[in-house]
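One structure is given here, and the rest of the page talks about it.
Just so it is clear, the model here is predicted, and its values are computed rather than measured.
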Amino acid sequence: MALLYSGSGAMAQNPCPPAGGGSLIALPKKGGIPFSTTVINSYDPNEIIGPAGIGTPRWVSINDQLPYTINFENSVEATAPAKKVSIYYPIDLKQGGNKFLLGSFGFNSLTFNVPPNSATYYTRLDVRDSLGLFVDVTAGYDVANNRAFWLFQSIDPITLGPVTDPLKGLLLLQDSSQPNYGHGFANFTIKAIDDANTGDEMQATAKIIFDNNDTIPTNIENNTIDALPPHSKINGLPSTSPNSIYLTWSGLDDPGGVGVEKYDLYMSTDGGSYTLIRSGMHRTDTTITVPDIGNYCFFTLASDSVGNTEALRPADVACTFVGSSLPVTWLYFTGNNQGNDNLLRWATGTEINVKSFILERSIDATLYEAIATLKPNGNASRQGQYQHTDMRVDKLKTNTLYYRVKQVDNDNKFTYSSVVKINLKPLLIIRSVVYPNPSKGRMTLAIGTNDLLDSRAIIYDNNGRTVQQLIVVSTAQTINIESLSKGIYYIKLLNGEILKVLKE
């Protein structure tokens with residue numbers, strides 16, 4: 001609030017405020033002469049704009065860095081520029097404060113960029129040529145209050161202190177000849193928390209303060225999270241096909257999700273790498289014409305409307321042989337875990353011109369290695385039966401293994417069986433610890449998995465009240481709770497672990 005002018009005479013005879021707003025306040029007489037003054041101040045209409053999303057619930061993906069813009073405006077009713085603008089954005093429970101990134105900002109006709117991937121920022125802007133002042137800008141993520149903030153302060157270039165001139169400030173009055181005057185914005189992005197579920201809603205709102213005015217909240221933006229990709233499966237194929245292969249498949253999004261949008265189709269020829277042959281298909285069938293005799297395998301990957309795409313999983317494939325005759329008729333191929341070993345079995349109905357069977361293994365269903373070669377024991381009129389034990393698979397340090405059988409002809413042509421997936425015993429889970437415990441206030445948090453890095457940990461008391469928050473920045477980091485009263489506290493990590501701490 002500032003005094004525009006004071007006086008008497010014409011002003012005293014005309015009670016109307018000057019053009020552009022303001023208020024006329026009658027004060028006690030001085031020496032019998034009425035005395036008046038006009039009070040001027042900034043005023044702030046404002047809004048927040050979030051991602052449009054998909055459909056009525058405004059679906060967004062858990063994987064996306066979501067864009068937001070906070071607009072602030074000196075109203076046409078304002079009578080003075082704004083000297084200080086404070087913006088606060090409370091982080092929603094379904095948003096990750098550790099996933100907050102600053103974007104560009106600006107005011108009047110000026111726009112400024114923040115270095116990429118910045119969560120904190122400070123600078124002193126030299127805008128003396130346009131506004132006759134400096135502007136200090138401080139922005140970032142306030143961990144203690146779980147909110148983002150932007151502070152814009154007008155600085156007098158002579159005193160280097162806050163501007164006191166009532167007619168100067170960083171956010172000008174609106175001007176019909178200068179459409180950008182009196183308007184400002186701050187951009188940022190943020191992601192949903194990693195353990196959000198499909199259907200979770202998140203809200204976005206901001207609070208804006210001009211100078212010493214009251215806090216005015218913006219509108220509320222709502223979005224709904226789709227957390228998981230859809231799943232698709234290509235339908236089975238006959239053992240032999242003409243060179244025009246008709247394919248069908250089906251897909252289903254996770255329960256309650258936005259729905260399947262499109263499919264990508266991959267193909268492998270004679271055991272080679274899978275390549276994308278059709279993309280963005282909305283239908284669930286197609287015909288593929290192949291030029292040569294050989295073994296062809298296919299799988300699909302589905303994407304939903306917000307861009308969640310199922311993981312590459314060539315273990316779930318459908319195969320067919322194109323040619324006049326199939327050298328092997330597969331009856332079955334199975335596998336199961338037996339402690340530290342995996343037992344694989346398969347059988348053929350007929351075998352024609354077969355040279356060998358090569359058993360192959362993979363840890364990612366993409367790159368395979370040969371682990372055994374078996375000679376054929378069937379023929380055109382007798383079934384072939386085979387088994388092999390893959391020993392000490394526990395040493396491979398993986399939870400899942402994939403197997404397939406490569407059948408090689410005497411002329412060195414080959415075909416593949418279907419793929420068998422075997423789940424092994426879970427690997428040893430290393431749990432997080434905190435020490436020393438009890439503690440007088442300083443302790444070390446040692447996390448059990450690197451997946452917790454850059455996640456947020458919450459410390460709360462016996463009543464469930466949050467007393468402190470922190471970002472996990474290393475596998476072993478110091479935590480300071482010296483300021484807390486003696487008693488029992490709990491540290492909750494993103495993976496659900498809860499560590500009990502006694503403060504002495």
*Decide side chain to side chain contact (heavy atoms under 4.5 Å, CB included) for Met281 and Lys262; before the verdict, give the C-alpha distance in whole Å, the side-chain angles of both, and the deciding distance to 0.1 Å.*
CA-CA 5 Å; Met281 294 186 295; Lys262 60 185 179 180; over 6 Å; no
*So, for Tyr274 and Phe299, is the gap between ring centers shorter than 6.0 Å?*
yes
*Please assess Glu497 against Lys492 for the test salt bridge (charged side-chain N to carboxylate O under 4.0 Å, His left out), listing each intermediate value before the final yes or no.*
CA-CA 6 Å; Glu497 289 185 86; Lys492 184 177 181 180; over 6 Å; no
*For the pair Asn222 and Gln203, evaluate side chain to side chain donor-acceptor pair (under 3.5 Å) and give the outcome as yes or no after the intermediate values.*
CA-CA 5 Å; Asn222 292 283; Gln203 293 187 340; 3.2 Å; yes
*Indicate yes or no: does Asp126 engage Arg128 in a salt bridge with an N to O separation below 4.0 Å.*
yes
*Answer whether the closest heavy-atom distance between the side chains of Pro67 and Pro51 falls below 4.5 Å.*
yes
_Taking Ile158's backbone N and O only, do any of them form a donor-acceptor pair with Asp156's side chain (distance below 3.5 Å, no angle check)?_
yes
*What distance separates Glu310 CD from Leu228 CG, expressed to the nearest 0.5 Å?*
12.0 Å
*asked:* Go through it in stages, so that I can follow the logic: the residues are Gln178 and Ser109, the test is side chain to side chain donor-acceptor pair (under 3.5 Å), and I'd like the CA-CA distance, side-chain angles, deciding distance and then a yes or no.
replied: CA-CA 8 Å; Gln178 299 287 343; Ser109 58; 5.9 Å; no
*Okay, side chain of Thr284, backbone of Ser250: is any donor-acceptor separation there less than 3.5 Å?*
no
*asked:* Let's go through Phe298 and Leu237 carefully: what are the C-alpha distance in whole Å and the side-chain angles of both, what is the deciding distance for side chain to side chain contact (heavy atoms under 4.5 Å, CB included) to 0.1 Å, and is it a yes or a no?
replied: CA-CA 10 Å; Phe298 304 88; Leu237 292 171; 3.9 Å; yes
*Rounded to the nearest 0.5 Å, what separation is found between the OG atom of Ser104 and the CZ atom of Phe112?*
11.0 Å
*Identify the heavy atoms of Ala302 and Val260 that sit nearest to each other, and give their distance.*
CB-CG1, 4.2 Å
_As a test of understanding, state which of Asn187, Ile70, Asn71 forms a side-chain contact (heavy atoms from CB on, under 4.5 Å) with Ile49._
Asn71
*Is the number of heavy atoms from other residues, nucleotides or ligands within 6.0 Å of OH (Tyr181) greater than 12?*
no
*With distance as the sole test, does Asn145 use its side chain to make a donor-acceptor pair with the main-chain N or O of Arg147 at under 3.5 Å?*
no
_Just so I know, are the side chains of Ile234 and Tyr263 near enough to count as touching, which here means a heavy-atom distance under 4.5 Å?_
no
*For Gln95 and Tyr89, what are the C-alpha separation, side-chain angles and deciding distance, and is it a side chain to side chain donor-acceptor pair (under 3.5 Å)?*
CA-CA 12 Å; Gln95 294 177 331; Tyr89 175 78; 2.9 Å; yes
*Has the side chain of Asp461 got a donor or acceptor atom that lies under 3.5 Å from a matching backbone atom of Ile488?*
no
*Evaluate salt bridge (charged side-chain N to carboxylate O under 4.0 Å, His left out) for Lys94 paired with Asp92, printing each intermediate quantity in order.*
CA-CA 5 Å; Lys94 297 301 178 180; Asp92 187 82; over 6 Å; no
*Rounded to the nearest 0.5 Å, what separation is found between the CG atom of Asn146 and the OG1 atom of Thr466?*
9.0 Å
*Asn46 side chain to Phe72 main-chain N or O, any donor-acceptor pair under 3.5 Å?*
no
*asked:* How about CG on Leu160, more than 12 heavy atoms from neighbouring residues, nucleotides or ligands closer than 6.0 Å, or not?
replied: yes
*Of all the heavy-atom pairs spanning Ser154 and Leu170, show the shortest one and how long it is.*
OG-N, 3.0 Å
*Please say which of Leu171, Asn108, Val163 ends up in a side-chain contact (heavy atoms from CB on, under 4.5 Å) with Leu131.*
Asn108
*Does the side chain of Gln174 reach to within under 4.5 Å of the side chain of Glu73, using non-hydrogen atoms?*
yes
_Under a 4.0 Å threshold between the charged nitrogen and the carboxylate oxygen, would Lys83 count as salt-bridged to Asp211?_
no
_Side-chain ion pair, Lys503 and Glu482, N-O less than 4.0 Å_ = no
*Could you walk me through whether Tyr490 and Asn462 pass the side chain to side chain donor-acceptor pair (under 3.5 Å) test, one step at a time?*
CA-CA 8 Å; Tyr490 301 89; Asn462 255 337; 3.1 Å; yes
*Is there a donor-acceptor pair closer than 3.5 Å between any side-chain N or O of Ser86 and the backbone N or O of Leu151?*
no
*Evaluate the criterion side chain to side chain contact (heavy atoms under 4.5 Å, CB included) for residue pair Ile155 and Leu133; output intermediate values, then yes/no.*
CA-CA 6 Å; Ile155 300 296; Leu133 44 81; 6.0 Å; no
*Does the separation of the ring centres of Tyr141 and Phe149 fall below 6.0 angstrom?*
no
*asked:* Tell me the closest heavy-atom pair linking Ile193 and Asp195, and the distance in Å.
replied: CD1-OD1, 3.1 Å
*Between the side chain of Arg442 and the main-chain N/O of Ile479, is any donor-acceptor distance below 3.5 Å?*
no
_Distance in Å, Trp59 CH2 paired with Ser305 OG, rounded so as to fall on 0.5 Å steps_ = 10.5 Å
_Would you say Thr478 and Thr444 are linked by a side-chain donor-acceptor pair, where the criterion is simply a distance under 3.5 Å?_
no
*With distance as the sole criterion, is a donor-acceptor pair present between the side chains of Thr287 and Ser244 under 3.5 Å?*
no
*asked:* Is it the case that the side chains of Ser362 and Asp364 hold a donor-acceptor pair, with the cut-off being a distance below 3.5 Å and no angle test?
replied: yes
_Sidechain-backbone polar pair: Thr198 side chain, Ala227 backbone, donor-acceptor under 3.5 Å_ = yes
*asked:* If I compare all heavy atoms of Val317 with all of Cys319, which pair ends up nearest, and what's the gap?
replied: CG2-SG, 3.9 Å
_Asn63 and its side-chain hydrogen bond (donor to acceptor under 3.5 Å, both in side chains) partner, picked from Asp194, Thr309, Asn308, Asp226_ = Asn308
*If you measure from OG1 on Thr248 to CG on Asn235, what distance do you get to the nearest 0.5 Å?*
3.5 Å
*Please report the closest heavy-atom contact between Gly487 and Tyr489, naming both atoms and the distance.*
O-CD1, 3.6 Å
*Verify the ring-centre separation between Phe100 and Phe188: is it less than 6.0 angstrom?*
yes
*Option among Leu452, Leu493, Thr475, Val433 that satisfies the side-chain contact (heavy atoms from CB on, under 4.5 Å) test with Leu445*: Leu493
*Is Leu93 atom CG crowded by more than 12 heavy atoms from other residues, nucleotides or ligands, each under 6.0 Å away?*
no
*Search all heavy atoms of Tyr266 against all heavy atoms of Leu276 and return the closest pair with its distance.*
CD2-N, 3.6 Å
*Side chain Asp200, main chain Thr224, donor-acceptor under 3.5 Å*: no
*asked:* Nearest 0.5 Å, please: how far is CZ in Phe152 from CG in Leu125?
replied: 8.5 Å
*Show your working on side chain to side chain contact (heavy atoms under 4.5 Å, CB included) between Gln477 and Leu470 and close with a plain yes or no.*
CA-CA 11 Å; Gln477 72 184 75; Leu470 59 103; 3.7 Å; yes
